[in-house]
Amino acid sequence: MKVSNNYGASQYASNQTAPALQRNKALRQGETKNQDDTLNTVLADDIFTRSNADFSDYEKANYTADGRLNLPPAFESHRGVIEAIFTSMDKLYSDTPKAAQRMFQAYSGVEQNILSESPELSHKDWGFSVNDQGVLVATGQLSDAQRDVIETHLNSNNSLVKAAQDFKAHFIEGLHIQRGDSGKSQYWGKYDVNNQNFADIIDFKSMMNQIASANESKTGGFEWRSKSQYAWEQGIVAQLKAKAEPKFSA
């Protein structure tokens, strides 16, 4: 399997696999150092080889027909740990940003409609998120009329609503999986983001602005590549640090 040159995913994967590799070595004390090094290289080359492809472009050939990850035989004893790492990476660094892209594509037209009806909102600091009922809600210091305009337009776009709901579901699931059996994490999973408090922590409008500023298209359209991914990750990290409690810190 090849994973792209994606900072967040690469850092998380490399740090999470180190303990598993060390435990594997301890179980094989009778083997030589050269054998250990060879197996480490096999795992790294087979699973964590960097490429210039988009992170979403997983190498499906390295999965078995029943969806199990192909692993070197020596690492079968750590299958649960390694598959959890990949599932978490899939949710946080592939499925979640894919949903963010869908949101971005749907949001530009919605924002134009909102500002057309309430031009004064272009000068106000407001945002939006998704509540525990899956409804898009406006945030910020707004009048009831302004809030109604924003929420009516947001929720009238089914594509935007579905993408926001998917973003939230993938993100929360990825954080949960990242904590593993210990319930702890050194990474995004350390933050307490759940169905009830999500709207208080993640501001989609801020995220939309960051995605727009990182647009790498040369043709006037929109392209999501490494710069966009990095900007998105940094924006999410900033929101987590500012508004989420590191309740599950390892």
Side-chain angles (χ1 to χ4, degrees), residues 1-102 166-190 223-230 232-233 236 248 250:
M1 173 178 291
K2 295 183 179 180
V3 175
S4 74
N5 190 9
N6 173 297
Y7 176 77
S10 299
Q11 182 188 53
Y12 172 65
S14 62
N15 281 279
Q16 289 292 306
T17 50
L21 294 176
Q22 293 302 319
R23 289 194 297 272
N24 196 69
K25 288 184 179 182
L27 291 172
R28 296 180 289 107
Q29 292 177 351
E31 298 183 15
T32 66
K33 181 178 184 299
N34 286 340
Q35 288 173 314
D36 282 344
D37 290 344
T38 298
L39 285 171
N40 290 352
T41 301
V42 167
L43 181 61
D45 288 345
D46 280 0
I47 301 176
F48 298 116
T49 303
R50 295 170 180 266
S51 82
N52 292 323
D54 289 338
F55 183 72
S56 59
D57 187 21
Y58 265 115
E59 308 299 329
K60 301 299 183 183
N62 269 343
Y63 282 91
T64 61
D66 61 355
R68 286 163 56 84
L69 185 69
N70 275 331
L71 292 175
F75 293 92
E76 275 296 330
S77 61
H78 302 295
R79 173 173 290 280
V81 173
I82 295 172
E83 289 191 338
I85 290 170
F86 271 93
T87 302
S88 174
M89 289 170 63
D90 234 350
K91 291 294 178 183
L92 292 176
Y93 301 110
S94 181
D95 292 343
T96 304
K98 281 180 183 177
Q101 293 175 59
R102 288 162 46 212
D166 289 347
F167 182 106
K168 177 182 177 180
H170 294 318
F171 190 72
I172 291 176
E173 183 179 0
L175 297 181
H176 178 74
I177 295 171
Q178 194 179 89
R179 294 173 197 135
D181 293 337
S182 71
K184 301 290 184 180
S185 175
Q186 300 177 51
Y187 307 99
W188 292 7
K190 69 183 177 182
E223 294 181 22
W224 179 294
R225 295 199 295 252
S226 58
K227 182 180 177 183
S228 305
Q229 181 84 16
Y230 182 77
W232 174 80
E233 289 179 15
I236 290 296
F248 305 106

Once rounded to the nearest 0.5 Å, what's the spacing between atom [atom1] of [X] and atom [atom2] of [Y]?
{"X": "L71", "Y": "R79", "atom1": "CG", "atom2": "CZ", "value": "4.5 Å"}
{"X": "D90", "Y": "I177", "atom1": "CG", "atom2": "CD1", "value": "9.0 Å"}
{"X": "F248", "Y": "K184", "atom1": "CZ", "atom2": "NZ", "value": "7.5 Å"}
{"X": "M89", "Y": "I85", "atom1": "CE", "atom2": "CD1", "value": "8.5 Å"}
{"X": "H170", "Y": "T96", "atom1": "NE2", "atom2": "OG1", "value": "6.5 Å"}

Check: Should the ring pair F167 and F171 be called parallel, tilted or perpendicular, given that the plane angle runs from 0 to 90° and is split at 30 and 60?
Finding: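 Plane angle under 30°, so parallel.
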
Notebook entry, point to check: Looking at R102 and D166, does any basic side-chain N land under 4.0 Å from a carboxylate oxygen?
Noted result: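 Looking at D166 together with R102, the answer is yes, because their closest N to O distance falls below 4.0 Å.
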
Any idea which heavy atoms bring [X] and [Y] closest together, and the distance?
{"X": "Q186", "Y": "A250", "result": "CG-CB, 3.9 Å"}
{"X": "E233", "Y": "Y93", "result": "OE2-CD2, 3.7 Å"}
{"X": "W232", "Y": "L92", "result": "CH2-O, 3.3 Å"}
{"X": "K91", "Y": "G174", "result": "CB-CA, 3.7 Å"}

Notebook entry, point to check: Quick one: does Q178's side chain have a donor or acceptor within less than 3.5 Å of a partner on G189's backbone?
Noted result: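 Flag set: sc Q178 to bb G189 pair under 3.5 Å.
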
Next item on the list: Please confirm whether the backbone N or O of E83 pairs with a side-chain atom of T87, one donor and one acceptor, at under 3.5 Å?
Entry: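 Flag set: sc T87 to bb E83 pair under 3.5 Å.
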
